[in-house]
Amino acid sequence: ILLMPGYDFPNLNNKNYSSTFSHKNEKASAGFYKVLLTNGVNVELTATYRTGIHKYTFLKNKKPQVIIDLLHRDETLDQNIRLIDSNTVVGFRISKAWAKEQIIFYAIQFSSNIKRFDYAINKQFIKILNAKQKPQGALFEFNDLNGKPLLVKVGISSVSEEGALTNLKTEAPHWD
């Protein structure tokens, strides 16, 4: 499940949303990774067995955004994302690569309420889907965090969205 923090994402094209970094600006140790992206976002990552915990520190006076790209990496057979409350989304991704039908369910919870939520269709961000459209990703925008970090928890499950939510709540019930 690819998440990317940044600012003013025009669309879901990875040439537009990706950011470079310098190895001088990264730190890695067992269970922890930190990098300062060229776009100015400081990223810190850690994980439990089935939950990733992200910490994004954005530049002040910029609109903090995070995108999820469900088409990234291998051939995507089916996918979905839906907002279930002001700071939580759930969904699934079915892909084909090392397995013929790899299914992953996810639950993502943000420490701040989502101010803007747009779906990605044909790499463009839109507000509302029609009944036949399957979102390929999404854009999340947050109010100015005034230098405070945005924490993100991502739970996964091979069984269900409810399983991903349970893993998130069980393995990372806190924001530490």
Side-chain angles (χ1 to χ4, degrees), residues 1-21 37-41 43 45 50-56 58-59 62-145 150-168:
I1 305 300
L2 175 92
L3 296 178
M4 182 65 193
Y7 315 97
D8 302 318
F9 292 120
N11 55 44
L12 198 65
N13 184 331
N14 66 357
K15 291 180 182 176
N16 293 326
Y17 72 66
S18 62
S19 179
T20 59
F21 66 93
L37 300 176
T38 308
N39 69 9
V41 180
V43 176
L45 307 169
R50 292 168 295 260
T51 301
I53 303 172
H54 306 209
K55 180 180 178 182
Y56 304 140
F58 294 90
L59 297 171
K62 298 277 265 176
K63 287 190 273 187
Q65 295 180 334
V66 176
I67 58 155
I68 179 172
D69 186 347
L70 296 172
L71 300 183
H72 176 72
R73 201 175 52 104
D74 50 7
E75 181 184 350
T76 306
L77 304 175
D78 197 7
Q79 73 283 335
N80 196 27
I81 186 168
R82 63 188 175 91
L83 188 65
I84 61 170
D85 64 31
S86 63
N87 69 333
T88 309
V89 296
V90 295
F92 66 88
R93 182 177 190 274
I94 303 172
S95 62
K96 178 181 169 184
W98 59 270
K100 288 183 181 179
E101 188 178 32
Q102 180 184 359
I103 302 171
I104 185 116
F105 295 92
Y106 62 87
I108 302 171
Q109 188 173 38
F110 299 97
S111 63
S112 182
N113 288 340
I114 299 166
K115 175 184 168 189
R116 173 183 167 196
F117 173 74
D118 290 353
Y119 297 101
I121 298 293
N122 298 323
K123 299 190 179 187
Q124 300 303 311
F125 296 119
I126 63 171
K127 290 272 179 219
I128 300 171
L129 297 174
N130 68 40
K132 295 181 181 181
Q133 291 176 310
K134 293 241 178 202
Q136 301 160 332
L139 169 78
F140 309 101
E141 186 174 293
F142 305 88
N143 288 320
D144 186 353
L145 300 169
L150 175 69
L151 301 174
V152 184
K153 298 187 287 189
V154 183
I156 60 170
S157 169
S158 60
V159 178
S160 66
E161 291 174 357
E162 293 77 19
L165 278 167
T166 297
N167 291 338
L168 186 121

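- Under the side-chain hydrogen bond (donor to acceptor under 3.5 Å, both in side chains) criterion, Glu161 pairs with Arg82, sequence neighbours left out.
- Judged as a side-chain hydrogen bond (donor to acceptor under 3.5 Å, both in side chains), and not counting sequence neighbours, Thr166 has no contacts.
- The side chain to side chain contact (heavy atoms under 4.5 Å, CB included) test with Tyr56 is passed by exactly one of Leu37, Leu145, Leu3: Leu3.
- Within the structure, every pair that satisfies the ring-ring contact (aromatic ring centres under 6.0 Å, His included) test and touches residues 76-115, not counting sequence neighbours, is listed here: Phe110-Phe140, Phe110-Phe142.
- Applying the salt bridge (Lys or Arg N to Asp or Glu O under 4.0 Å) test to Lys134 and every residue at least two apart in sequence or in another chain returns Asp78.
- Within the structure, the side chain to side chain donor-acceptor pair (under 3.5 Å) test picks out the following pairs touching residues 84-93 (sequence neighbours left out): Asp74-Arg93, Thr76-Arg93, Asp85-Thr88, Ser86-Asn113, Arg93-Ser95.
- With sequence neighbours left out, His72 forms a side chain to side chain contact (heavy atoms under 4.5 Å, CB included) with Leu2, Tyr17, Asp69.
- Lys115 is linked by a salt bridge (Lys or Arg N to Asp or Glu O under 4.0 Å) to Glu141, counting only residues two or more places apart in sequence or in another chain.
- Scored by the side chain to side chain contact (heavy atoms under 4.5 Å, CB included) test, Ile126 finds Tyr119, Ile121, Leu129, Gln133 as partners (sequence neighbours excluded).
- For Ala164, the side chain to side chain contact (heavy atoms under 4.5 Å, CB included) criterion is met by Ala107, Ser157, not counting sequence neighbours.
- Annotation for Tyr7 and Gln65: closest pair C-OE1, 3.5 Å, computed over non-hydrogen atoms.
- Taking every heavy atom of both residues into account, Phe125 and Ala138 meet most closely at CE2-C, 4.0 Å.
- The two residues Ser19 and Asn39 come nearest to each other via the heavy atoms OG-N, 3.1 Å.
- Residue pairs meeting the salt bridge (Lys or Arg N to Asp or Glu O under 4.0 Å) criterion with at least one partner in residues 95-112, sequence neighbours excluded, are absent.
- For the side chain to side chain donor-acceptor pair (under 3.5 Å) condition, the pairs that include at least one residue of residues 120-131, sequence neighbours left out, are Asp118-Lys127.
- Under the side chain to side chain contact (heavy atoms under 4.5 Å, CB included) criterion, Ser18 pairs with no residue, sequence neighbours left out.
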